[in-house]
Amino acid sequence: MTVEKKAIQLIALDMDGTLLTSDHEVSHRTQMAIKQALEKGIHVVLSTGRGIHTCYPYAEQLQLQSYLITANGGQIWTVEKELLDQHLLDAALIEKMYNLGTQVGVEMWMISTSGVFREETPGNFNDYEWLKFGCQSEEKQKLDIMISELSKYEELELTNSLPINVEVNPKGVSKARALQFLCNKIGITMDEVMAVGDSLNDIKMIQEAGIGVAMGNAQEAIKKVANHETDTNNNDGVAKAIEKFALSK
C-alpha cells in the first residue's frame, strides 16, 4: 500500500545560492511560481542566514504574506516585523570569536539585533544583542583552524552557507527548528513542508521536510540527503521545484 504524500502547505526557501541568482536577483519565472503558490494559499517563507535588514526587501518584492526565518533560525518574524522567537549568543563569546578571527586572519561578519558588522569592531560587544558570527577565507588552512577552535565550544552550532565560510549560532538553533516552530503555529506538520537549499545551514530543514530539494549548485552533502535535486540558482531551480511539487497537484 502506498501512502499518499501530503499536499505542500509551506515552502521554505534559502536565499543566497538558492532563491537568488548570482546577481542577487529573483528571476521572473521564480517570481511567478511564488505568486502562484501564494494564490493557492501556500505559505512561502524565506529561510536564510541573513539578518532581517538584508532579507526583508526581498519579502516585500515577492509580496510574501506570513513569516520569515532569519540568521539561520536565530530569529523568526511575521512579515509585519513582529518578532516571534529569538536565540542569542553571549557577548563575551562573540568577542572571543572576533579576537580569534583577527589572529587567524579571516574575513568576519557579526549579526546583532540592530544590524550587521563587517570588518569593523562594534566597540563594546556588551552594548549589543548577538545572533550570529560568520567568517570566511579562500585559504583552507585558516578555515580549518577556525572550525577546530570553534568546535571546542559546546554551546555553539556550526554550519556554513558557502564551502569557504563558517557560520555560528547558539547550540540547537537551525532553520529546521524554526520551521518546526512555524508548523506548530500554523497547524501543519513537517510532512507538508517543501524546503529548498544549497548549503550546510540548509541540511537539517531539507532532511526533516516532507520534500527536501537540493539546488543543482548545492554542496555534495546536501545533494546526498535531499529527496530531489532541481536546477541551479541561475537557471530557475526554485521555480522548477515549486512548479513540480506545489503547483502540479
Side-chain angles (χ1 to χ4, degrees), residues 10 12-20 24 43-60 62 64 66-98 101 106-120 122 125-136 146-147 150 153 155-162 164-183 185 193 195-206 208:
L10 188 153
L13 301 174
D14 171 54
M15 289 179 64
D16 295 284
T18 301
L19 172 70
L20 305 182
H24 302 291
H43 294 269
V44 179
V45 175
L46 300 182
S47 185
T48 178
R50 293 181 177 218
I52 185 71
H53 307 288
T54 53
C55 157
Y56 197 76
Y58 292 96
E60 286 187 303
L62 295 166
L64 301 186
S66 51
Y67 305 101
L68 303 168
I69 293 168
T70 61
N72 290 338
Q75 289 184 322
I76 305 172
W77 302 82
T78 68
V79 288
E80 290 82 24
K81 289 191 178 176
E82 177 195 353
L83 182 63
L84 300 177
D85 193 36
Q86 177 170 276
H87 302 273
L88 298 173
L89 284 161
D90 182 63
L93 203 47
I94 279 274
E95 189 165 6
K96 278 184 189 173
M97 290 190 278
Y98 177 83
V106 292
E107 291 178 53
M108 289 179 283
W109 64 95
M110 296 167 287
I111 299 180
S112 77
T113 53
S114 53
V116 184
F117 290 89
R118 284 187 181 273
E119 296 309 313
E120 76 263 28
F125 284 83
N126 290 311
D127 288 344
Y128 300 89
E129 293 183 309
W130 297 101
L131 291 161
K132 194 177 104 172
F133 172 88
C135 66
Q136 70 176 40
M146 293 300 293
I147 293 168
L150 295 173
Y153 293 93
E155 61 268 50
L156 299 181
E157 189 81 33
L158 271 56
T159 60
N160 76 18
S161 57
L162 285 170
I164 60 164
N165 76 24
V166 183
E167 299 196 343
V168 183
N169 285 87
K171 190 72 180 172
V173 169
S174 69
K175 295 179 180 184
R177 181 184 274 191
L179 279 173
Q180 187 63 66
F181 177 97
L182 289 181
C183 283
K185 187 169 182 63
V193 173
V196 191
D198 71 312
S199 297
L200 294 185
N201 60 354
D202 303 312
I203 200 163
K204 288 180 180 174
M205 74 169 183
I206 285 173
E208 294 181 28

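- For the pair Leu93 and Glu155, the minimum side-chain heavy-atom distance is below 4.5 Å.
- Taking 4.5 Å as the limit, some side-chain heavy atom of Leu179 sits within range of a side-chain heavy atom of Leu10.
- We find the CZ-CG distance between Phe133 and Leu89 to be 10.0 Å, quoted to the nearest 0.5 Å.
- Counting heavy atoms from C-beta on, the side chains of His43 and Val193 never come closer than 4.5 Å.
- The shortest distance between side-chain heavy atoms of Cys55 and Met15 falls below 4.5 Å.
- Across all non-hydrogen atoms, the minimal contact from Asp198 to Asp16 is OD1-O, 3.3 Å.
- The two atoms that bring Ala59 and Leu46 nearest to each other are N-CD1, 3.9 Å, heavy atoms only.
- Residues Val116 and Arg118 meet the side-chain proximity criterion, which asks for heavy atoms closer than 4.5 Å.
- Separation of atoms CD (Glu107) and SG (Cys135) is listed at 10.0 Å; rounding is to 0.5 Å.
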Query raised in the report: Do Tyr128 and Phe117 pass the ring-ring contact (aromatic ring centres under 6.0 Å, His included) test, and can you show the C-alpha distance, the side-chain angles, and the key distance before you say yes or no?
Result: CA-CA 11 Å; Tyr128 300 89; Phe117 290 89; 5.0 Å; yes
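- Aromatic ring orientation, Trp130 versus Phe125: tilted (interplanar angle from 30° to 60°).
- Considering only heavy atoms from C-beta on, Ser47 stays 4.5 Å or farther from Asp14 through its side chain.
- Atoms CD and CD, from Gln136 and Glu167 in turn, are 9.5 Å apart once rounded to the nearest 0.5 Å.
- For the pairing with Asn72, the side-chain contact (heavy atoms from CB on, under 4.5 Å) check across Leu131, Asn201, Asp202 returns one residue only, Asn201.
- Between Ile147 and Leu158, the shortest heavy-atom contact is O-CD2, 4.1 Å.
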**Report entry** Test side-chain contact (heavy atoms from CB on, under 4.5 Å) applied to Glu120 and Met110, step by step
**Finding:** CA-CA 9 Å; Glu120 76 263 28; Met110 296 167 287; over 6 Å; no
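- With salt bridges taken as basic N to acidic carboxylate O contacts below 4.0 Å, none links Glu208 and Arg177.
- Counting all heavy atoms, side chain and backbone alike, His24 lies closest to Tyr58 at O-OH, 2.8 Å.
- In this structure, the separation between CG on Asp85 and CD1 on Ile76 is 4.5 Å, given to the nearest 0.5 Å.
- In this structure, Thr70 contributes its side chain and Gly51 its backbone to no donor-acceptor pair below 3.5 Å.
- Smallest separation of non-hydrogen atoms from Glu129 and Gln86: OE1-NE2, 4.3 Å.
- Taking all atoms of both residues into account, the shortest heavy-atom contact from Val45 to Tyr67 is CG1-O, 3.5 Å.
- No side-chain heavy atom of Val196 sits under 4.5 Å from any side-chain heavy atom of Leu19.
- Atom OG1 of residue Thr18 and atom CG of residue Leu13 lie 8.0 Å apart, to the nearest 0.5 angstrom.
- Partner of Asn169 under the side-chain contact (heavy atoms from CB on, under 4.5 Å) criterion, chosen from Lys132, Lys175, His87: Lys132.
- Here the side chains of Thr48 and Ile69 are not in contact, with every heavy-atom distance at 4.5 Å or above.
- One finds the CG atom of Asn165 at 13.5 Å from the CE atom of Met108 (value rounded to the nearest 0.5 Å).
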